[in-house]
Structures are given as structure tokens and as C-alpha cells.
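The structure appears below as C-alpha cells.
Bear in mind that the values here come from a model prediction, so they are computed numbers and not experimental data. Throughout, a chain's letter reflects where its sequence line sits, starting with A, and its residues are numbered from 1.
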Amino acid sequence: MINITLPDKSIKSFENNPTGLDVAKSISEGFAQNCVAMEQDGTLVDLNRTITKDSRIKFITTRDKEALEILRHSAAHVMAEAVTFLYKDAKLTIGPVVKDGFYYDIDMEPVSEDDFPKIEAEIKKIIKAKKPFTRKEVSKSEALEFYKDEPYKLELISDLEDGTISFYTQGNFTDLCRGPHLPHTGLIKAIKLMKVSGAYWRADQTKAQLQRIYGTAFFNKKELNQYLHLLEEAKKRDHRKIGMALDLFSFHEEAAGMPFFHAKGMDIWNALLEYWRDEHKAAGYVETKTPIMLDRSLWEKSGHWENYRENMYTSVIDKTEYAIKPMNCPGGMLLYGIKPHSYKTLPVRAAEIGLVHRHELSGVLSGLFRVRAFHQDDAHIFMTPDQIENEILGVLKLVERIYKSFGLEFTLELSTRPEKSIGTDQQWERATNGLKGALDTYGKEYAINEGDGAFYGPKIDIHIQDALGRTWQCGTIQLDMALPERFDLSYIGKDNEKHRPIMIHRVIYGSVERFLGILIEHFAGKFPLWMAPTQAVLLPINDELLPAANEIKQMFEKAGLRVEVDGRTETLKKKVREAQINKIPLILTIGEKEKNSGTLSVRTLDGKVRFGIKHEEFLNTVLEHIRERKLDLEIFKD
RNA sequence: GCCGACGUAGCUCAGGUGGUAGAGCAGCUGAUUCGUAAUCAUCAGGCCAGCAGUUCGAGUCUGCUCGUCGGCUCCA
């Protein structure tokens, strides 16, 4: 007699040892069909495992998050079967589940995406056959014997404990695997191979080059199509494409990884920084600027020469060695050090839009997202220990204001002391508690990454979520216990003694370049009015109206708008079309009627047209919209 | 840096197996003067990323360099 306890605390009893599937079926046939695995006393196992003792069972259905991982893991096995069937010499290595699907690293002849249809056809056959996955536990010696011709598997097995090794078989294909798996291959309703790339065995360049085949799988076609649609949407929004199309920036061979900003790109840039300065001034920051090239001795003092040398550009002039700054902090330390400080004048909040250069590996460069020269919206805050909590709280509030103003949601992560670190236990405790205290007071949920902090202090990372639901780490607040020490910074306390200030580095945009790239994709190039490079374009209906359009342009420019006139002798249709494609928020048409009545017809990017808007009304509405940095594209409401 | 793919007009792309380059859009010029997503015609535009090599002959084949794109963290 076996008693099964279900999550709702109900108990089901069975005469003979049931499988998980039997239990699921006893609930209902329909329910059983949606089950992919189960948790037996908290351990994830196969649904077709026989239950031999009283257990707590929780079923994993296709709706659970774990189910997708199991599905994709099974899909990886199916792909491996297909590949080994088609390529007899292929040697399997590992095939894990990743964020958007799965991959399998295989030692085989190079394949390309052209080979996918062939492999996918084989995969479809395997799925159609509804082959059951069966688990077999084997001894280490059995496993080694089974894989005597598979060097990678032998290496994997040799790292495993005897008694913990299991094989999974579907049809004629067996793979070393911890499991669990789907009941059978037929449950993989939607699978697609995505791409191939090279990868090294154990990510080691000295080892064999493997073929990494990426795929993804879902429980139904609809979800797969949604995922593919998202990828397409992301592709359309690619900031590199939009940046080119809207004439915002470019890259040149003469300076790989270092963006050139065009006039229109600079309009956005300036709008971003103007906003940033407004917020920082209001939050009690001062703005500073330090040189981009500093003497080697400074980098030795800061520790960068020792730890960051391979990423730094250097130059020798007059026998003196300089390094171009990869970070702003050492310069910031010098600024703090130029005069004595008192506890009365702390905290010091010194911001700097610092241009930094880092020699990133050539293969990792990617548009504005990964560059070699970029601006950090840095700030160094120097404070007394009892100011930590309040200062961090202040940064968190500023972060919230700024991200919210772009319509970006965000999440927080606290990273604590890593194994390799400097400082005393007491220092770390005080610093970490300061960050925690601020986070708790702030009140938003946060995750904790134990041991993920920098060697010089704990940190809070801020992840933003864009309009497509993708996440990016931009902001970070790092407490630094090393640099004040290395630069011997101090302040005079109430006791008239010298004390070491606490220092944090923090960025909110992170890299201005990268943040701009994220915003391009977030807004799909349709920037809110206050950021848009060209805010309004005037379209005279015929050449006679061109002088009138130019007059209005001058008036609007005086009022502070970025306005253009499209004075070409083209049809209105064409000029409207191009203005729409260029994503200009306000498309203003001027014909005889408008000229005579001092009005405009206003078309916004949503395609709506409003006629007969007086110049004054237009300016009032638009200037207010800009002043308040509103996000909606529908600028005029009915 | 490593692996793979790619690099042709300002942009998007065609150019089997080698025989000194083509389209659409953009641009110029002309006609059209037009009411909310493409008016018509004409013209011009290229050291085929760069450097070597094979060849009578290279956009096409080979090697190298530069650049771009996708990977290189996810451990059966």
C-alpha cells in the first residue's frame, strides 16, 4: 500500500507501486496529458518513475517554468539523436538548456544553417515516433564501458561519483544524463534549430573546437511563433539599423568600436544629458571633469596598472608613460584630495560625464552596446560611515526617477563579499548592512547574489526592462573600500581626528552610448518629443507657401524647437511618408487655409491629423510636453 | 584574441563553373504645384574593403590584413 500526498494535502492510496503517470491519471486523464514530470519529496524526477514508498508528489505541468526546461533538455537529446544518425562520426559532449532554448556541443565536421532542414527533418521523424524516454541507473564501470569510444563522455563520467550515474534512452539512442525527461518525444510540439557556432570543449581554446548547435523548443507552435516574432521585432529595432537609417551615428574602420555621433545623434545625446544634469543638480550633485590621460604612477597607485592593464591604452611621451583612463575614479580621488574635508561638508557628491577607453577584444564589439570608447555618467560620493544608508537611498530614488521617466521598469540585486576580497570583516559588515538598510528602507524587492560583489566592496546592480521585455544591466552602485585607502583620503571628524571617508561609485545610464542604444530599441526609433532630433517638420503644400513655412520655422526655432522645413518640390504624400519614416513626432502641413488663418494641420506619429491648430496653441502644448518630458506620442489630445 | 559567415554605388541587394559590373531606393537635372505613407522622365554614380599571389585575364580562385555580424558564461 502506497500513500501519495498531493500539494493540496489530499492523500491517494494505491495497492501496487504506481508510476507518476498512474497517479496523475487517477486525478484525471486530461490532467495527466499535461504532466511532464513530478517532484517526489522535493526532487524533480521522471513522470514514468515507479513510486515505491509513501511520498509527497507535486506534478509539473506544461504551464510550469520547470516544464519548459525539461522539454528543452529532451529536445537537446532528440537533436543529438538526429545528428548522430546523420553524421556517424559525431562525438557528443554536453547539451544543456539555456535561457532561450538549448544547445548541444558536438565534435563533428563543420555544419552550417544550410544543414538545418536535413537535421530538422530527422528530428520530426523522432518526434512523430513518440519514443518513450527511459532511465537506467548504471555503475561507473558500466558507464565507462558503454562509452569506451566516446572520449568526451569518458571525461565527463570520470568526474562523476559511482552510484549517481544514469542513462536516458529513446529508441536506439542513449545519452548520459541526470534527467528528468519528458515521458516521450511526442510532447515536443514545436522545435526549431536556431544557429551554429564554434565552441571549445570546456571553453578552453587549447582544446578541440566543437560545433555548437542552438535550438529552441516549446509546448506548442503558437509559443514558438511568438518567440520568433519577438526575435523579428528585436531585429527591426536593432539600434545599429535605426542609427544608420535616422542618421544618428556611424562606425569607421579607422576607430573600430568607437562611435561617431552625427548631428541628429548629438541632439538626442544633448537632450539626454540636459535631463541628466537637471536631475543631478536637484539631487545635490556638483559636476566635475578630469583628464582622460594620466601618468602611469597614478594607475599604479589605484591598482589598475596591476589589475586592468590589458584593457588600457597607453602612450609614451617625453619618456613618461601615460594611460588613457578606463575608469574615472582615480581622477576623482585626486579631486577629493586637493583640500581638507570636514564631516560638516560631507557628503560630497561629485559627478562626471567621463570619457573612458577600454581595449575590448575585437570579437566582442557590437554597435553601441559594446564599444571601446564611451562616456560613463559617473559620480563619486564621499561620506561618513553613518551617511551610507541615506546616500544609497538617495541614489536609489534618483535611479527610480530617471528610469521611470523613460518608461523603463527595473529590478535590484545586492552582491555581497566574494572569496577574494580586501578589508576586514567589520568593514564588510558595516558596508553591506549600509546597502541592505538602504534597500530595505527603499522598500522595493531585491535579489541577493552571495559572493558576487567586487573585491573592494559590495554593490547594488540595477537591471532595466525594455519595451520588448529584455533586461539590461545599466546602473550600479558600488561601495569602494580600497581607493580611499590607497589615496589616503580623509576628513576631520567631530573628535577633531582624521577619518577615512566611505566612497561609492555609481552610474545610472551606465555607458551613455549603450543607454542611448537601449533607448533606440526601447522606443523603436520613435523617441518622445523631448528627445527627438527633429521635433517638427513643416511641409508647405506648394512652392508658393515655402516663405510662409520658413517664417513659421524661425518663430518655432526661437521658441526652442528643433524644426525643419521640407521645401522640396515633391507631393505632399511623399513628404508625409518620408517624415513618418524618419519618425518625426510632429508633421506640420501648411496650405492656403493655414496660411490665411494662422493655423497648422498637425500629424503625429500615430497617423492622426488635427486641422486648424493656432500657432500659439501649438507652441503652448508642445513646449509644455517637452518641458515635462512626457512620453506619449499623441501630443495633442481631443 | 579564438571559431564561423560576410564585405559589390550613399542605402538595400543581384552578379552558375574566372572573360575588365547591374537593379530598386536615395542624389542631380527637367517637367508636374500637388491636402496627409512613394508623380513622371533624364542623368550621374563603383580601385567590387585593403595588400599580395595563381592566371593571357580575378568581383569571382588562394593567402594575409582590416572591418562587420553570430558565437566563445550557462557544465551529462
Within this structure, what is the [atom1]-to-[atom2] distance between [X] and [N], rounded to whole angstrom?
X: A:Arg577; N: B:rA38; atom1: CZ; atom2: C1'; result: 5 Å
X: A:Asn582; N: B:rA26; atom1: CG; atom2: C1'; result: 12 Å
X: A:Phe251; N: B:rG7; atom1: CZ; atom2: P; result: 21 Å
X: A:Ile94; N: B:rU73; atom1: CD1; atom2: P; result: 10 Å

(message) Using a 4.0 Å cut-off on heavy atoms, which residues in residues 533-544 of chain A reach RNA chain B? List them by number, or say none.
(response)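 Those residues whose heavy atoms fall under 4.0 Å from RNA chain B, taken from residues 533-544 of chain A in numerical order, are A:Ile541, A:Asn542, A:Asp543.
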(message) For A:Phe167 and A:Phe146, take the angle between the two ring planes, folded into 0 to 90°, and tell me which bin it lands in: parallel under 30, tilted 30 to 60, perpendicular over 60.
(response)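 Answer is tilted, since the angle falls between 30° and 60°.
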(message) For A:His77 and A:Tyr168, take the angle between the two ring planes, folded into 0 to 90°, and tell me which bin it lands in: parallel under 30, tilted 30 to 60, perpendicular over 60.
(response)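 Perpendicular.
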(request) Could you list all the side chain to side chain donor-acceptor pair (under 3.5 Å) pairs where at least one residue sits in residues 542-551 of chain A, not counting sequence neighbours? (result)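 Side chain to side chain donor-acceptor pair (under 3.5 Å) check on residues 542-551 of chain A returns A:Asp543-A:Thr569.
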(message) On RNA chain B, does the nearest nucleotide to A:Leu210 precede the nearest nucleotide to A:Glu592 from the 5' side, or the other way round? Give the residue.
(response)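 Closer to the 5' end of RNA chain B: A:Leu210.
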(request) Would you mind telling me which residue lines up with the more 5' stretch of RNA chain B, A:Arg212 or A:Gly367, judged by nearest nucleotide? (result)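 Looking at RNA chain B, the more 5' nearest nucleotide goes with A:Gly367.
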Given [options], which nucleotide is nearest the side-chain atoms of [X]?
X: A:Lys574; options: B:rA37, B:rU39, B:rA76; result: B:rU39
X: A:Met244; options: B:rA76, B:rC11, B:rC74; result: B:rC11
X: A:Val576; options: B:rA37, B:rA76, B:rG71; result: B:rA37
X: A:Leu572; options: B:rA76, B:rG70, B:rC34; result: B:rC34
X: A:Arg568; options: B:rG71, B:rA76, B:rG27; result: B:rG27
X: A:Ala256; options: B:rG35, B:rU68, B:rG70; result: B:rU68
X: A:Tyr104; options: B:rG35, B:rG67, B:rA76; result: B:rA76
X: A:Thr571; options: B:rG27, B:rA76, B:rU39; result: B:rU39
X: A:Val364; options: B:rC74, B:rA37, B:rG1; result: B:rG1
X: A:Lys573; options: B:rA37, B:rG70, B:rG1; result: B:rA37

Just checking [X]: base, sugar-phosphate only, or nothing, at a heavy-atom cut-off of under 4.0 Å?
X: A:Leu365; value: sugar-phosphate
X: A:Lys593; value: base
X: A:Tyr168; value: nothing
X: A:Ser158; value: nothing
X: A:Val97; value: sugar-phosphate
X: A:Arg603; value: base

(request) Please name all residues satisfying side chain to side chain contact (heavy atoms under 4.5 Å, CB included) with A:Gln226, sequence neighbours left out, ordered by chain then number. (result)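 Only A:Lys222, A:Glu223 meet the side chain to side chain contact (heavy atoms under 4.5 Å, CB included) criterion with A:Gln226.
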(request) Find out whether A:Asn48 and A:Arg135 are in side-chain contact, i.e. whether some heavy atom of one side chain is under 4.5 Å from a heavy atom of the other. (result)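 They are not in side-chain contact.
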(message) When you compare the side chain of A:Arg72 with that of A:Thr216, does any pair of heavy atoms fall below 4.5 Å?
(response)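 Yes, their side chains come closer than 4.5 Å.
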(message) Run through RNA chain B and report every stem of 3 or more consecutive Watson-Crick or G-U pairs, distances under 3.5 Å, ordered by first number.
(response)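 Stems for RNA chain B, defined as runs of 3 or more consecutive pairs: B:1-7 with B:66-72, B:10-13 with B:22-25, B:29-31 with B:39-41, B:49-53 with B:61-65.
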For nucleotides [N] and [M], find the distance between their [atom1] atoms and express it as a whole number of Å.
N: B:rG10; M: B:rG46; atom1: C1'; answer: 12 Å
N: B:rA14; M: B:rG7; atom1: P; answer: 8 Å
N: B:rU8; M: B:rC51; atom1: P; answer: 16 Å
N: B:rU62; M: B:rA58; atom1: C1'; answer: 11 Å
N: B:rG19; M: B:rC72; atom1: P; answer: 40 Å
N: B:rG16; M: B:rC61; atom1: C1'; answer: 15 Å
N: B:rG35; M: B:rU39; atom1: C1'; answer: 15 Å
N: B:rG15; M: B:rU73; atom1: C1'; answer: 42 Å

(message) Looking only at the side chains, is there a donor atom on one of A:Thr471 and A:Gln465 sitting less than 3.5 Å from an acceptor on the other?
(response)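 Side-chain D/A pair, A:Thr471 to A:Gln465: absent.
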(message) Under 3.5 Å, is there a donor on one side chain and an acceptor on the other for A:Asp107 and A:Trp201?
(response)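 No, because no side-chain N or O of A:Asp107 sits under 3.5 Å from a partner of the opposite role on A:Trp201.
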(request) Would you state whether a donor and an acceptor, one from the side chain of A:Glu594 and one from the base of B:rG35, lie under 3.5 Å apart? (result)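 Check passes, donor-acceptor contact within cut-off.
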(message) Which residues pass the side-chain hydrogen bond (donor to acceptor under 3.5 Å, both in side chains) test with A:Ser250, not counting sequence neighbours?
(response)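 Testing A:Ser250 for side-chain hydrogen bond (donor to acceptor under 3.5 Å, both in side chains), a comparison that skips the adjacent residues, returns A:His252, A:His262.
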(message) So, does A:Arg370 get its side chain near the phosphate of B:rU68, meaning an N or O under 4.0 Å from OP1 or OP2?
(response)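 Checking A:Arg370 against B:rU68: no side-chain N or O falls below 4.0 Å of OP1 or OP2.
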(request) Tell me whether the OP1 or OP2 atom of B:rU73 has a side-chain N or O from A:Tyr103 closer than 4.0 Å. (result)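 The answer is no; no side-chain N or O of A:Tyr103 sits under 4.0 Å from OP1 or OP2.
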(request) Tell me, yes or no, whether the heavy-atom count around A:Asp159 atom CG, taken from other residues, nucleotides or ligands under 6.0 Å, exceeds 12. (result)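 Atom CG in A:Asp159 is crowded, with more than 12 foreign heavy atoms closer than 6.0 Å.
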Scan the side chains in residues 89-98 of chain A for donor-acceptor partners under 3.5 Å anywhere in the protein, sequence neighbours excluded, and list what turns up.
unit_1, atom_1, unit_2, atom_2, d
A:Thr93, OG1, A:Asp105, O, 2.5

(message) Between A:Lys153 and A:Asp175, does any side-chain N to carboxylate O distance fall below 4.0 Å?
(response)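 Salt bridge flag = yes for A:Asp175 with A:Lys153.
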